[in-house]
Amino acid sequence: MLVLGIETSCDETSAAVVKDGTTILSNVVATQFEFHRRYAGVVPEIASRRHSETINYVIEEALRKAAKAFEHIDAVAVTSHPGLIGSLLVGVISAKTISLALGIPIIGIDHIEAHLYSVHFDNDVVYPIVGLVISGGHTLLLYSERPDHYEIRGSTIDDAVGEAFDKVAKHLGLGYPGGPAIQSAAENGSEQAFAFPRVVLDRKANRYNFSYSGLKNAVINQRSRFQSPGFDDTVENVAASFQAAATDVLLTKSKMLCGDLGIKRIALAGGVSNNARVRNLFSEDEELQTYLPAKSLTQDNAAMVAGAAYHRLVRGERSDLDFEPRSRITGIKKGKRKKDG
Ligand code: KG4
Ligand code: ZN
């Protein structure tokens, strides 16, 4: 089964052709970060406008790279939630048009389910698993029994981890997106230079939740308080110490959920799972078996959407042509959330 995937939930316009949920024939991603760079964050109006300008070209390019034509496609899958509503609409309208014109099934796919699916292309995943979806908009700890199932067990009560990377990078003058910039500055710094707080909320209601605003404020507003004797206040040292604190907490919290559930297998996904320290920390942990996505699949992309859709489509699942995209995530029960996108 050939599925055309479409992803426009945030600031990446992407289309992909995936065979049987396993073989990526093409995965075209047009990133918009150049257009958002000067605002040091995603501007929703700019994002939806760029999606409308590039979506047709990106879909054509995905078909061309896969050496397929529209008539070879068996179904179209599109991110339906969560995300920026104006951005989601562009992908959903394109997918509906294709479905209607070709007379093929359409299916709306949850963006978090799609992110988790990204590990499937490079790992033989044995279920159940714990999932950790970490990006600019999400810091989610999940329990999953199958590719088309997840339950949210924890999320951030303030900033997402990628958002903290972006804000700290902006403060340090390292540019946008902040994650890769912090990672490369950190290579020349010391993790011991600043003893930044590792915020582990462990009271019952927040046992699996994260908080990054305390760490962000410590770095931005009070860093001299945390400076270790004998270390200089350099951008590299701040970046390395911040990165260590931010990523240590991801492992601590993941192991709390894994331990409580008696599950050793964990799948990482989302832009921050591209981080070298995160990848090493999890893969070197002897108590966990970590499924990592290919680096090219950590950011938002349509291959993960087409892959996730396959398992639903073979069961006969379809969306009606009048379904609407939603900005919000389903299943957040505890803690307040700042944003979904
Ligand atoms: O999944 P993604 O492309 O988009 C969404 O936010 O949905 O993730 C982007 C986030 C940004 O916050 C970016 O700074 C972060 O992922 N990121 C990284 C790295 N690469 C991207 N964070 C830390 N280290 C990296 N190497
Ligand atoms: Zn995402």
Side-chain angles (χ1 to χ4, degrees), residues 5-14 27 29-33 36-37 39-44 47 51 78-84 87-88 91 109-119 131-140 142 150 155-156 159-172 174-187 212 215-216 239-240 242-250 268-282 292-305 308 327 329 337-341:
I6 296 176
E7 152 65 40
T8 61
S9 67
C10 190
D11 60 340
E12 256 90 37
T13 317
S14 181
N27 189 23
V29 182
T31 180
Q32 303 180 354
F33 70 81
H36 301 283
R37 190 196 290 275
Y39 307 100
V42 177
V43 182
H51 285 310
V78 61
T79 308
S80 57
H81 67 282
L84 300 170
S87 293
L88 289 166
I109 293 291
D110 178 304
H111 186 62
I112 305 307
E113 180 177 319
H115 264 304
L116 260 193
Y117 194 82
S118 62
V119 298
L132 178 66
V133 177
I134 39 180
S135 70
H138 304 290
T139 313
L140 294 172
L142 314 165
Y150 73 84
S155 65
T156 177
D159 293 332
V161 58
E163 195 180 355
F165 270 87
D166 292 337
K167 287 179 178 169
V168 167
K170 184 180 177 194
H171 174 75
L172 295 175
L174 289 173
Y176 175 82
I182 296 251
Q183 181 179 318
S184 62
E187 283 165 17
Y212 277 100
L215 171 60
K216 180 191 70 186
F242 160 76
Q243 178 177 255
T247 55
D248 279 351
V249 174
L250 296 173
L268 266 48
V272 184
S273 68
N274 204 9
N275 182 275
R277 190 175 192 277
V278 170
R279 295 175 85 90
N280 291 338
L281 203 58
F282 278 82
L292 290 173
K295 286 191 175 184
S296 59
L297 297 177
T298 56
Q299 63 174 163
D300 289 346
N301 68 86
M304 66 188 192
V305 180
S327 61
I329 199 166
R337 290 181 51 82
K338 259 186 78 188
K339 64 176 197 175
D340 289 315

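Ligands are counted one by one from 1 in listed order, and the atoms in each one are counted from 1 as well. Any value given below was found using the heavy atoms of this structure, including those in side chains, with hydrogens, waters and symmetry copies removed. Each residue takes its place number in the sequence, starting with 1.
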- prompt: Ignoring hydrogens and geometry, is there a side-chain-to-backbone donor-acceptor pair from D166 to P177 under 3.5 Å?
  reply: no
query: Quick one: does C10 get within less than 4.0 Å of ligand 1, heavy atoms only?
result: no
- prompt: D11 to ligand 1: N or O pair under 3.5 Å?
  reply: no
query: Where the side chain of S9 meets the backbone of G83, is there a donor-acceptor pair that is under 3.5 Å apart?
result: no
query: Counting heavy atoms only, which of G179, A169, A276, G271 is nearest atom 21 (C) of ligand 1?
result: G271
query: With under 30° as parallel and over 60° as perpendicular, where do the rings of H111 and H138 fit, or are they tilted in between?
result: tilted
query: Out of curiosity, S118 OG to L268 CG, how far, rounded to the nearest 0.5 Å?
result: 9.5 Å
Closest non-hydrogen atom pair, T13 against H51: OG1-ND1, 2.8 Å
field: Residue list, side-chain contact (heavy atoms from CB on, under 4.5 Å) with A308, at least two apart or on another chain
entry: I109, E113, Y117
- prompt: What's the shortest heavy-atom distance between A160 and T139, and which atoms?
  reply: CA-OG1, 3.2 Å
task: Taking only heavy atoms of D166 into account, list the atoms of ligand 1 that are under 4.0 Å away from them.
output: 11 (C), 12 (O), 13 (C), 14 (O)
message: Going by side-chain contact (heavy atoms from CB on, under 4.5 Å), name the residues that satisfy it together with Q299, two or more places apart in sequence or in a different chain.
response: E12, V29
- prompt: Less than 3.5 Å between some nitrogen or oxygen of H138 and one of ligand 1, yes or no?
  reply: no
- prompt: Hey, which atoms in ligand 1 end up nearer than 4.0 Å to a heavy atom of Q299?
  reply: 3 (O)
- prompt: What are the protein N/O/S atoms, named by residue and atom, that sit under 2.8 Å from the Zn ion (ligand 2)?
  reply: H111 NE2, H115 NE2, D300 OD1
query: Would you say Y212's side chain and T156's backbone share a donor-acceptor pair under 3.5 angstrom?
result: no
field: Under 4.0 Å to a heavy atom of G136 - the qualifying atoms of ligand 1, by number
entry: 5 (C), 6 (O), 8 (O), 9 (C), 10 (C), 12 (O)
message: I'd like to check the side-chain contact (heavy atoms from CB on, under 4.5 Å) partners of A181; sequence neighbours left out, ordered by chain and number.
response: L174
task: State the atoms of ligand 1, each with its element, that fall below the 4.0 Å cut-off from a heavy-atom position in G137.
output: 6 (O)
- prompt: Which atoms of ligand 1 sit under 4.0 Å from any heavy atom of G162?
  reply: 12 (O)
